[in-house]
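Values below: all heavy atoms of this structure, side chains included; hydrogens, waters and symmetry mates excluded. Since this is a predicted model, take the numbers as computed values, not measurements.
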2 protein chains.
Amino acid sequence: MNVHFLIIPLYQNNTIMAKLQKSKDKREALVKATICLVNNDGFHAAPMSKIAKMANVSPATIYLFFESKQDLVNKVYLEVKTAFSAYAFETFTTNMEVEAGFELIWNRIADFKLKDPDEAMFLAQCDNTPMIDEPSRQEGIKHLQPLLDLWHRGKEEGVIKPISDYLLYAYSINPLSFLMLAQHRGECSINEQTITEAYQAAWDSIKL
Amino acid sequence: MNVHFLIIPLYQNNTIMAKLQKSKDKREALVKATICLVNNDGFHAAPMSKIAKMANVSPATIYLFFESKQDLVNKVYLEVKTAFSAYAFETFTTNMEVEAGFELIWNRIADFKLKDPDEAMFLAQCDNTPMIDEPSRQEGIKHLQPLLDLWHRGKEEGVIKPISDYLLYAYSINPLSFLMLAQHRGECSINEQTITEAYQAAWDSIKL
DNA sequence: GATTAAAAAATGAACGTTCATTCTTTTTTA
DNA sequence: TAAAAAAGAATGAACGTTCATTTTTTAATC
C-alpha cells in the first residue's frame, strides 16, 4: 500500500493561513457591522457605505464576499440563525421527557439572548419585517424542527395543550424577543429573576 | 339678550362640506395606501411616489397633508394606535373585576385584529422596528394606560403574578401580533377556536 | 537574501438609478 | 376672473454597484 504526502513548505503554509484568516476577519467585521447597523437603523437606513466604514473596509470589498446587499443580509440572517439553533439544541436529546426538554431548550434560548443580545435582536427584526427574502426565511425556519418535533410529541402524550405550533411559538418563545426589544430600548432589563418568571409563564401557558 | 345667527346659503354650505369631504377622502386614501405598502414592503421600500399612485394623488399632494415622509408614518401610527386603543377599551370600566376586565380587553384586542388586520399588522411592524420616531412611540404607548392600571390592581389584589409589565405584555398581548404576522405570511389562519385557545393560554400564563 | 514581475486583493472615485421634496404650470373652485 | 388646489416635471442628494487604478502578496530568479 502506497501512502502519499502532500508536502507544503512551512513558510508558505503559514502565509496561506494568515491570508485566509485576514479574509475571514474582514468578512466577520462586515457581518458584525451589518448586525449593529440594522439593529439601530433598520435594513434600508443602513447603507453599504456605512457598513463598509464600520468594518474598516472599502464599499467595493463587500462585493468580494457578497453578491448584493440583499445577499449580505440573507447570509448574515442564516448564519446567525444557524448559530442560534445550534446553541439552543446543543444539550438536547430526543429521548428526554417533554417537560424536561422544553425547559432545557427554553433556557438555552434565553441564555443565547443574554449572551449575544445583538444577534438575538437582529433575528427578531428579521423575523418581524419583510427584510429577508422568502427562500432564506424558509431555510432559517427549518432549523427549529427539533422544537416542533418535541411539541408534537408533547401533544401526542397529552402533556401540552393541543394548540397550533404558531400559538405555541407565540406563547413560549416569542415573548422573549419582545423583552429583548424592550431592553434594547432601555425600557426594562433582563436578569436572572426575569428569566425565571418568564419560564414559569411560558410553561403555564402551554402545559395541559 | 341678543341672539346672533350666522346665515350660510345652503348651496355654499353644501359645497364647503363637499370640499372638506373630498380633502378628507384624499387624506384617508393616503393613510390606507401607507398602511398597505408599509405592510408589504416595509417603510423604506415604500416610496412616496408609490404611496401617491396607490392613493390616486400626485406626490406633491402628500405634502399638503404631511410635512415629510417621517411625519406621514408618525401620524398614521398615532391615528391607528388611537383607534386601536379606543376600540380595546370601549366597553371597559374601571370598576370591573380584574379577571373580567382582562378577558374583556383581551377579546376586544383580538376582535380589532380580526376586524382590521391591516391596521393591526401595521402597528405590529411599527412596534418592532426603528420606523417611528421616539416621541411618537412614547405618545402611542400612553394609550395603553388603562391596561397597565388594571394589571397593577391585579397584582395588588393578588390575582395576577407579580411580574413586570413587559413580561405581562409579552405573554398576554404580544403573541396575538405574532399570530397576525404568521397569518399575513399565509402560514396559519386565525379563527374562533384559535382566539379561544389563545385567550386560555394568555390567562394561564399571567394568573396567580 | 534581495530583486522583480506577475497575480491577487483592495481601494476610492464614478456611474446610473431612485428617492424625497420643491417648483412651475394647469385645473378646479367660488 | 381671481384664488385655491392639484398636478407632474424638475432637482439635488443618497444609494447600490461597478470600474480603473493602486497596493499587497506570491513565487521565481539572481
Side-chain angles (χ1 to χ4, degrees), chain A residues 6-31 33-34 37-38 40-76 130-133, chain B residues 7-31 33-34 37-38 40-76 131-133:
Chain A
L6 176 61
I7 298 178
I8 301 176
L10 193 58
Y11 75 89
Q12 188 186 340
N13 184 48
N14 273 346
T15 47
I16 286 174
M17 292 311 217
K19 216 48 215 310
L20 275 172
Q21 190 51 49
K22 249 183 86 179
S23 194
K24 264 191 181 173
D25 287 349
K26 271 187 187 160
R27 193 181 185 284
E28 198 173 320
L30 282 167
V31 169
T34 304
L37 284 171
V38 167
N40 288 297
D41 304 339
F43 171 58
H44 287 278
M48 294 297 254
S49 53
K50 222 169 161 182
I51 293 173
K53 193 166 280 175
M54 182 172 269
N56 275 114
V57 141
S58 157
T61 305
I62 301 181
Y63 293 85
L64 300 176
F65 297 96
F66 307 98
E67 284 175 23
S68 64
K69 191 181 179 184
Q70 187 63 58
D71 183 52
L72 167 64
V73 292
N74 283 344
K75 288 209 168 110
V76 171
M131 169 176 142
I132 301 297
D133 67 17
Chain B
I7 298 178
I8 302 175
L10 193 58
Y11 75 90
Q12 188 185 339
N13 184 48
N14 274 348
T15 47
I16 286 176
M17 293 312 217
K19 213 48 210 314
L20 275 173
Q21 190 52 48
K22 247 183 85 180
S23 194
K24 264 192 182 174
D25 287 348
K26 270 187 188 160
R27 193 181 186 284
E28 198 173 321
L30 282 167
V31 169
T34 303
L37 284 171
V38 167
N40 288 296
D41 304 340
F43 171 57
H44 287 278
M48 295 296 257
S49 54
K50 221 168 161 182
I51 294 173
K53 192 166 282 175
M54 182 172 268
N56 276 113
V57 141
S58 158
T61 306
I62 301 181
Y63 292 85
L64 300 176
F65 297 95
F66 306 97
E67 284 175 22
S68 64
K69 192 180 179 184
Q70 187 63 58
D71 183 52
L72 168 65
V73 290
N74 283 345
K75 289 210 168 108
V76 172
M131 169 176 142
I132 302 296
D133 66 17

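- Taking atom CG of A:D41 as the reference point, atom C1' of D:dC15 lies 15 Å away to the nearest angstrom.
- A:K50 is linked by a side-chain contact (heavy atoms from CB on, under 4.5 Å) to A:L37, A:D41, A:P47, counting only residues two or more places apart in sequence or in another chain.
- Taking atom CD on B:E67 and atom P on C:dT22, their separation rounds to 10 Å, with Å as the unit.
- Within residues 55-64 of chain B, the residues that place at least one heavy atom under 4.0 Å from DNA chain C are, in residue-number order, B:A60, B:Y63.
- B:K26 has its NZ atom 17 Å from the P atom of D:dA4, to the nearest Å.
- Rounding to the nearest 0.5 Å gives a distance of 10.0 Å between CG of B:L30 and CG of B:N56.
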Show which side-chain atoms of residues 57-66 of chain A pair as donor or acceptor with protein atoms under 3.5 Å away, not counting sequence neighbours.
residue, atom, partner, partner atom, Å
A:S58, OG, A:A60, N, 3.2
A:T61, OG1, A:S58, O, 3.4

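- For the pair A:M48 CE and D:dT18 C1', the computed distance is 12 Å after rounding to whole Å.
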Below 3.5 Å between N/O atoms, which protein atoms pair up with nucleotides 11-14 of chain D? Just atom names and distances, please.
none

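- Using N1 to N3 plus N6-O4 or O6-N4 for Watson-Crick, or N1-O2 and O6-N3 for G-U wobble, each under 3.5 Å, C:dA30 pairs with D:dT1.
- The nearest whole Å value for the distance from the CD1 atom in A:I51 to the P atom in D:dT17 is 10 Å.
- Shown here is A:E67, whose CD atom has no more than 12 heavy atoms of other residues, nucleotides or ligands within 6.0 Å.
- Rounded to an integer number of Å, the gap from B:F66 CZ to C:dA20 P is 15 Å.
- A:K69 has no side-chain polar atom (N or O) that falls below the 4.0 Å cut-off from OP1 or OP2 of D:dC15.
- Atom CD of A:Q70 is separated from atom CE of A:M131 by 8.5 Å, given to the nearest 0.5 angstrom.
- With rounding to whole Å, B:F65 atom CZ is found 10 Å from D:dA5 atom C1'.
- For B:K69, the side-chain hydrogen bond (donor to acceptor under 3.5 Å, both in side chains) test picks out no residue, with sequence neighbours left out.
- When all heavy atoms of B:H44 and A:A45 are compared, the pair lying nearest together is NE2-CB, 3.9 Å.
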Stepwise, does the side-chain contact (heavy atoms from CB on, under 4.5 Å) test hold for B:I51 with B:L72?
CA-CA 11 Å; B:I51 294 173; B:L72 168 65; 4.0 Å; yes
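- The interatomic distance linking A:H44 (NE2) with C:dT18 (C1') rounds to 13 Å, in whole Å.
- Every residue two or more places apart in sequence or in another chain that forms a side-chain contact (heavy atoms from CB on, under 4.5 Å) with B:A29 is listed here: B:A55.
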